[in-house]
Amino acid sequence: MRPAAFPPSPEPACLFLVLVSWLFNPARSEITSLDSGNIDDILNNADVALVNFYADWCRFSQMLHPIFEEASNVIKEEYPDKNQVVFARVDCDQHSDIAQRYRISKYPTLKLFRNGMMMKREYRGQRSVTAIADYIRQQKSNPIREVQDLEEIHSVDRSKRNIIGYFEQKDSNNYRTFERVSNILHDDCVFLSAFGTVSKPERFSGDNVIYKPPGENAPDMVYLGSLTNFDLVYAWTQDKCVPLVREITFENGEELTEEGLPFLILFHMKDDLESLERFQQEVARQLISEKGTINFLHADCDKFRHPLLHIQKTPADCPVVAIDSFRHMYVFPDFNDLSIPGKLKQFVLDLHSGKLHREFHHGPDPTDVAPGQPNQDVASSPPESSFQKLAPSEHSGLKVSAASTPPKLLPRHMHQRSGLPLIHMP
């Protein structure tokens, strides 16, 4: 019987080299490639997912790949469960349907998802390993502040929108729904919670969620639906946290444009709160049914002189109401007509029907010509969209400048897909 042959034992020096190589070249994190067949399943099962929408021919996409991969390595060490945090990517040339679905207008774009829901604010921080890792850690932190005494509720900041949940126990379906909602809307509202004996005085008939709107004397509003129904709780909370009329600023301009909806904008002087209140009331009265088809915004006349110039207006003309369709800008004829029933709504409906566009190019529609007057085809050229050309910063696509001064008109430092609007700040 022949004796068994064993390979010679490796030299200690070889073992040392192998160990050092392993320590300094750890296994690389696998970035999940998304396609139409797996995207919904992967994103729906991820607590948090950061998705890199890229194009191989874009050099900024190429620069981001190793940074994104290394940030994934760092985060996977802290959150090893594959469904806690997912780093994924989409090749937008290969999967243009996905790029269109998520309104990708530039490369690279980093979008955040929670349980399959895309967050409206994309990642705009520095494109570095540290910054991306810190961003994910922030997203994984608990956005709900637990109060230990109900007296803390009386001292909340009433200049902000506050959502407060009173629960018997933290380990409950009601609170888990509250957590999911807070993770999505924590940028728009302050979330607080109380449990057990602390919350008992506020739990007259079970767990309870209330909204404290801005203003010391504003009355609380109570959620009356099922606390286990995520869709209902989310819809109610979003309605309270996201105002119907939002302010457009240099910081959020590009983000608002990427929502893909035209703008109905009130330009007003910063201290002219009366005009703003009047506009808010008429939007709520006439246009609530149009929410989701157009963004209702207000802007500081002094800061947004450039868009005003496009419609041949100056801050001295404010308040001014206009629509920016991302093709052209259209001016509401007279601010004083705002409260005429149906007037503002018809202005918006005329945008959707194409009437505003037709009339700017060809004069009034035949039905609008006075009887006995000839119907003349009067060619005209409406002002081009101003907000389509606004750029957020010199380093857009690589990082967001924290400078408080308005950015200058500069070329975009990233690639843009055609056919989608793009903001450039004046």
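Residues that satisfy the side chain to side chain donor-acceptor pair (under 3.5 Å) test with Asp271, not counting sequence neighbours, are absent from this structure. Scanning for side chain to side chain donor-acceptor pair (under 3.5 Å) contacts around Ser172 gives an empty result, with sequence neighbours left out.
With Asp97 contributing its side chain and Ser36 its backbone, the two residues share no donor-acceptor pair below 3.5 Å. Checked by atom type and distance alone, the side chain of Arg114 pairs as donor or acceptor with a backbone atom of Gln139 at under 3.5 Å. Of the possible donor and acceptor atoms, one in the side chain of Asp91 sits under 3.5 Å from a partner among the backbone N and O of Gln94. Under a 3.5 Å cut-off, the side chain of Arg158 and the backbone N or O of Ala218 do form a donor-acceptor pair. For the pair Glu77 (side chain) and Asn73 (backbone), a donor-acceptor distance under 3.5 Å is absent. Thr237 places a side-chain N or O within 3.5 Å of a backbone atom of Val233 that can act as its donor or acceptor partner.
A side-chain contact (heavy atoms from CB on, under 4.5 Å) with Leu110 is found for exactly one of Arg127, Glu122, Arg89, namely Arg127. For the side-chain contact (heavy atoms from CB on, under 4.5 Å) with Cys318, the lone residue among Asp272, Asp302, Leu308 that qualifies is Leu308. Each of Asn38, Asn44, Asn45 was checked for a side chain to side chain donor-acceptor pair (under 3.5 Å) with Asp41, and the lone residue meeting it is Asn45.
In summary, Glu290 and Lys345 do not engage in a salt bridge, as defined by a charged side-chain N under 4.0 Å from a carboxylate O. A salt bridge links Glu254 and Lys106; the closest N-O separation between the charged side-chain nitrogens and carboxylate oxygens is under 4.0 Å. At a threshold of 4.0 Å, the pair Asp171-Arg176 counts as salt-bridged, since one of the basic side-chain nitrogens sits closer than that to a carboxylate oxygen. Under the 4.0 Å criterion applied to side-chain N and carboxylate O atoms, Lys343 and Glu282 are not assigned as salt-bridge partners. Between Lys140 and Glu78 there is no salt bridge, since no side-chain nitrogen of the basic residue lies less than 4.0 Å from a carboxylate oxygen of the acidic one. A salt bridge links Asp188 to Arg121: at least one charged side-chain nitrogen sits closer than 4.0 Å to a carboxylate oxygen. For the pair Lys212 and Asp220, the salt-bridge criterion is met [side-chain N within less than 4.0 Å of a carboxylate O].
Figure legend: Lys111 and Phe53 shown without cation-pi pairing, the cationic atom not lying both under 6.0 angstrom from the six-membered ring centre and within 45 degrees of its axis. Both cation-pi conditions hold for Arg180 and Phe230: the charged atom is under 6.0 angstrom from the six-membered ring centre and inside a 45 degree cone around its axis.
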Stepwise ring-ring contact (aromatic ring centres under 6.0 Å, His included) check, Tyr175 with Phe195: CA-CA 10 Å; Tyr175 182 68; Phe195 302 95; 5.0 Å; yes
Verdict with reasoning, Glu168 to Ser199, per side chain to side chain contact (heavy atoms under 4.5 Å, CB included): CA-CA 7 Å; Glu168 183 178 0; Ser199 66; 5.9 Å; no
Stepwise ring-ring contact (aromatic ring centres under 6.0 Å, His included) check, Phe326 with Phe263: CA-CA 8 Å; Phe326 298 144; Phe263 293 169; 5.1 Å; yes
Stepwise ring-ring contact (aromatic ring centres under 6.0 Å, His included) check, Phe60 with Tyr107: CA-CA 7 Å; Phe60 299 107; Tyr107 305 123; over 10 Å; no
Leu344/Phe332 under side chain to side chain contact (heavy atoms under 4.5 Å, CB included): CA gap, chis, key distance, verdict: CA-CA 8 Å; Leu344 187 61; Phe332 187 72; 4.2 Å; yes
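Applying the salt bridge (charged side-chain N to carboxylate O under 4.0 Å, His left out) test to every pair with at least one member in residues 233-245, sequence neighbours left out, gives these pairs: Asp239-Lys291.
Remark: Ile31 CD1 to Asn52 CG distance equals 8.5 Å, nearest 0.5 Å. Taken to the nearest 0.5 Å, the CG atom of Leu261 stands 5.0 Å off from the CG atom of Asn295.
Looking at Ser128 and Thr130, their side chains never bring a donor and an acceptor atom within 3.5 Å of each other. With no hydrogens or angles considered, no side-chain donor-acceptor pair links Gln138 and Asp134 at under 3.5 Å. Between the side chains of His352 and Thr293, at least one donor N or O sits under 3.5 Å from an acceptor N or O.
Ring centers of Tyr54 and His65: under 6.0 Å apart, within the cut-off. In this structure, the ring of Phe267 has its center no less than 6.0 angstrom from the ring center of Phe304. Aromatic pair Phe279/Phe296: centroids not less than 6.0 angstrom apart.
Nearest heavy atom pair, residue Leu356 against residue Phe347, reads CD1-O, 3.6 Å.
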